[in-house]
Amino acid sequence: MGNRVTITTLAGGVGAAKFIRGLVRRIPQKNLTVIVNTGDDEYFYGLHVSPDLDTVTYTLAGVVNPTTGWGRAHETFHALEALGQFYGKPWFNLGDRDLATHLYRTERLRSGLSLVEVTREIAQKLGVKARVLPMSNDRVHTHVKLRGRPPLPFQQYFVKGGARGAVEAIELRGVEAARPAQGVLEAITEATGVILAPSNPFVSLGPILALNGVREALSTVRSRVVAISPIVGGKSVKGPADAMMRGLGHEVSPRGVARLYQNLIGVLILDQVDRHYADSIEQLGIKPVIADTIMATPAKAARLADVVLAAIDG
Ligand code: FO1
């Protein structure tokens, strides 16, 4: 692909970031826009924390914690320990360096900037050349309803509760009123290609897709929209996507993923272990492309990016 291609990726957190790390070995960061889920955003200690925005930004800046895939590298937790003396034992691990981001974001939002503007500032200051775009400036708050329990805010379900329990429903609170951030729809319709990262279809990409106009924008450019299945061999590569698919009545397979994205994507990349689903995915009007989708190393993520870019091209 030439140097003039522009790629827009719809992203959640760690799974998406791993792919993006490979992608930017193949295309210049300045040709990339990442539209990021903010349904996981939460307030801790009065600070606005945007986990997926930070995961993507830190990854592009080369400062992400390589072990967890979220938070910053070379992190310490002194402030959190001290906060524990006031608030009780913490369950959400905010490191000292990471806290600087949340302090800055919160202060800039309070001074009147939008989340889009603050995110741009943070990315610039960390040396990121790609455009990291929050899906919306408006608050969308994902809740997860487990059997026999009231809906939990996402981070309470995911981190505090260890993503355990039978998922009955996902609520994207505020999404009907939320508008896509300025630039989101254009980034989808004007890009050379759009990639749906191998993120959770319900809680990572779900909030982006549920915003007014996003599905329509994708469907108009469908032939150049490529998704990567987050389900491999009947399981999610990471996180609770498999449990959510099962709980919400979907087949836990790339074909189940294809059905969720039907009419939005032209191509689905599925892992070689799932090659037997190819024909039935094709019958859904989606071109199946078989690849090794397990991104064990940055080099493997870059090879997956090659496959995705080739699919956009052809
Ligand atoms: N994930 C965890 O599993 N445990 C944590 O303590 C945790 C802290 C954390 C702090 C900052 C941040 O940006 C992300 C953090 N994450 C943590 C990841 C985050 O909860 C999830 O990866 C996303 O929300 C889902 O994409």
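Note: hydrogens, waters and symmetry copies are ignored here, and every other heavy atom, side chains too, is used. Atoms within a ligand are numbered from 1 in the order they appear, just like the ligands themselves.
Taking 4.0 Å as the cut-off between side-chain N and carboxylate O, Asp54 and Arg72 do not count as a salt-bridged pair. Between Arg26 and Asp306 there is a salt bridge, since at least one side-chain N of the basic residue sits less than 4.0 Å from a carboxylate O of the acidic one. We find that Arg108 and Glu121 are joined by a salt bridge, their nearest charged nitrogen and carboxylate oxygen being less than 4.0 Å apart.
Taking every non-hydrogen atom of Asn93 and a distance limit under 4.0 Å, the qualifying atoms of ligand 1 come out as 5 (C), 6 (O), 8 (C), 9 (C), 10 (C). Close approach to Gln155 involves these atoms of ligand 1, each under 4.0 Å from a residue heavy atom: 19 (C), 20 (O), 24 (O). Atom numbering of ligand 1 starts at 1 in the shown order; those under 4.0 Å from a heavy atom of Phe154 are 24 (O), 25 (C). Those atoms of ligand 1 that come under 4.0 Å of a heavy atom in Asp52, given as number and element, are 23 (C), 24 (O), 25 (C), 26 (O).
Looking only at protein heavy atoms, the nearest one to atom 8 (C) of ligand 1 is Trp70 CZ3, 3.3 Å. Of all protein heavy atoms, the one closest to atom 21 (C) of ligand 1 is Phe158 CE2, 3.6 Å. Protein heavy atom nearest atom 25 (C) of ligand 1, with residue, atom name and distance: Asp40 OD2, 3.1 Å. Considering only non-hydrogen protein atoms, atom 13 (O) of ligand 1 sits nearest to Pro51 CA, 3.3 Å.
By the neighbour-count criterion of 12 heavy atoms within 6.0 Å, atom CD of Gln182 is sparsely surrounded, having that number or fewer from other residues, nucleotides or ligands. Within 6.0 Å of atom CD in Gln272, more than 12 heavy atoms from other residues, nucleotides or ligands are found, so the atom counts as buried in its surroundings.
Residue-ligand proximity: Tyr58 is placed with every non-hydrogen atom at 4.0 Å or more from ligand 1.
Between His250 and Phe202, the distance from one ring center to the other falls under 6.0 angstrom. In this structure, His143 has its ring center at least 6.0 angstrom away from the ring center of Phe154.
Each of Ile122, Asn65, Asp98 was evaluated against Tyr58; a single residue qualifies, Asp98, per the side-chain contact (heavy atoms from CB on, under 4.5 Å) test.
Counting heavy atoms closer than 4.0 Å to ligand 1, residue Asp98 contributes side-chain atoms (C-beta onward) but none from N, CA, C or O. Contact annotation for Val203 and ligand 1: no heavy atom of the residue comes within less than 4.0 Å of the ligand. Heavy atoms of Val159 found under 4.0 angstrom from ligand 1 belong exclusively to the side chain.
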